[in-house]
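The structure appears right after this line, and notes come after that.
The structure displayed is predicted, hence computed values, not measured ones. Positions are given from 1 along the sequence. Just so it is clear, the values below take in all heavy atoms, side chains as well, and ignore hydrogens, waters and symmetry mates.
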Amino acid sequence: MDLVWFAATRIIRNHGSELKLIVLTLVIIYVTIPFAFKMCPIVVTKVIYLNFLRRPFIDFKEPANYLLNHTLNLYITPEEGITVGVWFTIPDKRWQEASGKDQQWYEAALGDDNPVIIYLHGNGGSRAVGHRVELIKMLSAHGFHVLALDYRGWADSTGEPSEAGITTDSLYLFEWTRARSRRSRVCLWGHSLGSGVATNTARILHEKVGSPADAIILEAPFTSMREEVAHHPFAVYYKLFPGFEWFFMDTITENNIFFDNVENLQSISTPVLILHAEDDNIIPFELGKKLYESLLDSRILGRQVKFVAFPGFLGYKHNYIYKDPQLPDIIKDFIKTTDIELGHC
């Protein structure tokens with residue numbers, strides 16, 4: 001023990017100035033971050049969306065490079081000057097038919113009575129990120145069409161993200177899909193940040209368009225972005241910082257970032273399935289459960305709401321629920337129930 005103490009004192013004596021400089025630098029960074037977050041809107045959007053986190057050398061025009069066969073890369077234009085990239089994967093059982101087919105064939109395939117999933121991913125990365133690709137493959141293997149888009153500002157999509165903008169992208173893709181799907185069910189699947197995009201889209205569809213989603217599946221959702229910021233792992237370092245709520249939570253609202261899943265879902269009657277891992281290390285399990293309970297307390301009668309918890313010992317955390325062997329049956333049973341309610345069977 002004496003030797004350890006002696007060594008420590010020698011290090012401090014010999015490198016004291018360097019240690020003081022390191023500590024001072026860390027303190028300056030720690031204090032600067034809240035002010036930068038409050039004063040610079042661009043910092044807020046970058047932190048929330050993380051769309052600048054991109055892997056280089058990805059060729060989105062060749063989804064087969066990522067083991068996504070029978071997949072078409074296409075682009076849609078939600079607004080003038082905005083182009084959004086989409087991967088469209090058809091069910092595995094049609095892979096032989098899809099060989100060499102063009103976009104016109106794929107669009108016609110949407111009306112084959114297989115259910116359609118519009119996949120809305122979380123922040124950061126792109127539609128080519130590993131866990132997103134694996135989810136698409138799983139859904140395709142079990143008879144689903146999947147359309148996975150990168151919102152404006154992500155990957156090869158143009159523009160800059162905003163809550164209104166990325167919701168517009170999702171809404172446009174839904175309407176594009178619905179126009180081609182005939183009697184096929186069209187469902188919104190939102191993961192993490194995408195849960196907010198999904199419920200925003202569903203609410204607009206319910207209120208304005210008159211062609212609501214057949215179902216909503218939310219993977220690792222939160223109640224609202226404001227509450228998610230308060231519970232994010234990063235917030236642990238600032239919870240005791242003077243003015244935490246003013247610096248961070250109020251700033252989110254001031255920059256028109258809401259993603260209020262509770263308010264959105266309490267305003268519509270679309271069936272909802274919530275999936276959440278108990279060991280989620282990004283969005284606490286308690287927020288997903290709180291969202292579910294808020295729907296049980298709402299006054300919309302007859303609306304199906306289901307919550308599936310995945311035990312922590314499975315190790316699914318935030319991104320790996322797709323690994324669960326029961327997940328395909330959970331989804332198919334949920335869709336089947338909504339089919340009965342919607343008169344599809």
Calculate, to the nearest 0.5 Å, the distance between atoms [atom1] and [atom2] belonging to [X] and [Y] respectively.
X	Y	atom1	atom2	value
Glu219	Ile274	CD	CD1	12.5 Å
Leu50	Ile48	CG	CD1	8.0 Å
Phe174	Leu205	CZ	CG	5.0 Å
Tyr66	Thr71	OH	OG1	12.5 Å
Glu254	Trp246	CD	CH2	7.5 Å
Asn73	Phe60	CG	CZ	9.0 Å

Compare every heavy atom of [Y] with every heavy atom of [X], then report the nearest pair and how far apart it is.
X	Y	answer
His70	Ala98	CB-CB, 4.0 Å
Leu188	Ala198	CD1-O, 3.6 Å
Ile268	Ala202	CD1-CB, 3.7 Å
Pro328	Met138	CG-SD, 3.7 Å
Arg94	Ala109	NH1-CB, 3.6 Å
Gly153	Arg54	O-NH2, 2.6 Å

Taking C-beta and beyond as the side chain, do [X] and [Y] meet within less than 4.5 Å on heavy atoms?
X	Y	result
Arg182	Asp113	no
Leu218	Thr199	yes
Asp250	Glu245	yes
Val129	Asn319	no
Leu171	Glu175	yes
Leu291	Leu287	no
Phe313	Asp279	no
Leu275	Leu327	yes

[X] [atom1]: over 12 foreign heavy atoms closer than 6.0 Å:
X	atom1	result
Leu296	CG	yes
Lys332	NZ	yes
Phe247	CZ	yes

If we check side-chain hydrogen bond (donor to acceptor under 3.5 Å, both in side chains) with His145, which of these qualifies: Thr177, Asp112, Thr89?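 The passing option is Asp112.
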Common cluster, [X]/[Y], ILVMFWY with side-chain heavy-atom separation under 4.5 Å:
X	Y	value
Ile283	Val262	no
Tyr106	Leu74	yes
Trp95	Leu147	no
Val305	Ile335	no
Leu314	Val308	yes

Verify, without hydrogens or angle tests, whether [X] (side chain) and [Y] (backbone) share a donor-acceptor contact under 3.5 angstrom.
X	Y	answer
Gln266	Ser294	yes
Ser140	Asp92	yes
Asp324	Gln326	yes
Arg127	Leu149	no
Thr251	Lys38	no
Arg203	Asn261	no
Asp102	Trp105	yes

Is any NZ, NE, NH1 or NH2 atom of the basic residue among [X] and [Y] found under 4.0 Å from an Asp or Glu carboxylate oxygen of the other?
X	Y	result
Glu97	Lys101	no
Lys289	Glu278	no
Lys323	Glu134	no

Could you tell me if the ring centre of Trp87 sits under 6.0 Å from that of Tyr119? no
Please confirm whether the ring centroid of Tyr322 lies under 6.0 Å from the ring centroid of Tyr316.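 When the ring centroids of Tyr322 and Tyr316 are compared, they turn out to be at least 6.0 Å apart.
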With Phe285 as reference, evaluate Phe307, Phe222, Phe310 under the ring-ring contact (aromatic ring centres under 6.0 Å, His included) test and give the passing residue.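 Passing option: Phe307.
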With a 3.5 Å cut-off and no angle check, do the side chains of [X] and [Y] form a donor-acceptor pair?
X	Y	result
Asp156	Tyr75	yes
Asp214	Thr338	no
Ser267	His206	no
Asp150	His121	yes
Arg55	Ser126	no

Derivation and outcome, side chain to side chain contact (heavy atoms under 4.5 Å, CB included), residues Tyr151 and Thr167: CA-CA 9 Å; Tyr151 322 106; Thr167 300; over 6 Å; no
Parallel, tilted or perpendicular: which fits the ring planes of Phe248 and Phe37, with parallel below 30° and perpendicular above 60°? tilted
Quick one, Thr201 with Leu173, criterion side chain to side chain contact (heavy atoms under 4.5 Å, CB included). Give me CA distance, side-chain angles, the key distance, then yes/no. CA-CA 10 Å; Thr201 303; Leu173 179 58; over 6 Å; no
Between His191 and Ile321, is a side chain to side chain contact (heavy atoms under 4.5 Å, CB included) present by the stated rule, with each step listed? CA-CA 11 Å; His191 174 230; Ile321 287 176; over 6 Å; no
Using the rule given for side chain to side chain contact (heavy atoms under 4.5 Å, CB included), can you reason through Lys137 versus Leu68, listing the C-alpha separation, both sets of side-chain angles and the distance that settles it, and then say yes or no? CA-CA 7 Å; Lys137 289 162 66 175; Leu68 272 180; 3.5 Å; yes
Report the residue from Ile330, Val272, Leu273 that forms a side chain to side chain contact (heavy atoms under 4.5 Å, CB included) with Ile217. Leu273
